[in-house]
Amino acid sequence: MRIDVVTIFPEYLEPLNVSLVGKARARGQLDVRIHNLRDWTHDRHNTVDDSPFGGGPGMVMKPEPWGEALDSVLESGEGRPVLVVPTPSGLPFTQELAVELSEKPWLVFTPARYEGIDRRVIEEYGDRLDVREVSIGDYVLAGGEAPVLVIVEAVARLLPGVLGNAESHRDDSFAPGAMADLLEGPVYTKPPVWRGREVPEVLLSGHHGKVARWRRDEAFRRTTANRPDLIERCDPAALDKHDRKLLAELGWEERADGRFGRSASAVEE
Ligand code: 6GU
């Protein structure tokens, strides 16, 4: 996979040289190219922003440098990339989108600073490319560079051969079909007793069936506590008798359609 990033802070993308993504690059599984947007400015101050038409606070990124930068990046490769535009007003970035992007040969990212990029840039490239405006969550960051790091890591670990073990993503929280979209439960390693705290006995039992059941129960406990919304939209067909019994014990009510909802008393908390 090839990834291009156009930014006014190339050094912000240095973490892409490290760890999983860095190793994938070193092995030639990932071709990452970072570009400085200011290389496509022509004035003495390398200006990339200007005040917004219509007034208001902050600055807007000018269209001309982005147009020249993106034309240059597009000319340097074969075919059409997917253009990923990080913005707090984009569609939520999910594991499903990570999987979809991991199947593309070429991604181009346009992290913005200030109040964002002149809208005409997104329209211009939207006519030619598959453009995805993406948000990484319900909070506001100062720029799109951190979201690029997040998205690239989520995508890179899905590339064939990058994690080493294809089984590793099967149980990822949010992997399609994994544990029916439950959060992963706790994990343990040696020593079996640390500061008087024991590893749950079932994990030492060697009984694979009991271990799987325990892990699933723990996944339900975590999910009900941290992400009740995931339980509420859980496909009833993914729940066995034991799951239903556990959810009832945790104070959840089974509805007529088989879905679960927090009992009225629990929702108030
Ligand atoms: Cl993609 N950009 C910025 N600036 N803030 C965000 C975001 C993106 N996603 C969540 N907050």
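Counting convention: from 1, in listed order, for ligands and their atoms alike.
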Subset of ligand 1 atoms that lie under 4.0 Å from at least one heavy atom of I136: 9 (N), 10 (C)
Distance-only polar pair, side chains of Y114 and D50, donor-acceptor under 3.5 Å: no
V134 heavy atom under 4.0 Å from ligand 1: yes
Numbered atoms and elements of ligand 1 in range of P86, under 4.0 angstrom, heavy atoms: 1 (Cl)
Residue and atom name of the nearest protein heavy atom (relative to atom 11 (N) of ligand 1), distance in Å to one decimal: Y139 O, 2.5 Å
Flag for H42-E68: side-chain donor and acceptor within less than 3.5 Å: yes
Protein contact to atom 1 (Cl) of ligand 1 [nearest heavy atom, distance to 0.1 Å]: T87 N, 3.1 Å
Under-4.0 Å salt bridge between R2 and D4: yes
Atom 4 (N) of ligand 1 - nearest protein heavy atom and its distance: L141 O, 3.1 Å
For P147, the ligand 1 atoms whose distance to one of its heavy atoms is below 4.0 Å: 1 (Cl), 2 (N), 8 (C)
Salt bridge present between R215 and E218 (N-O < 4.0 angstrom): no
Flag, side chain of T87 to backbone of S89, donor-acceptor distance under 3.5 Å: yes
Option set A142, G137, P88, criterion heavy-atom distance to atom 10 (C) of ligand 1, minimum: G137
Carboxylate-amine/guanidinium proximity below 4.0 Å for E254 and R244: yes
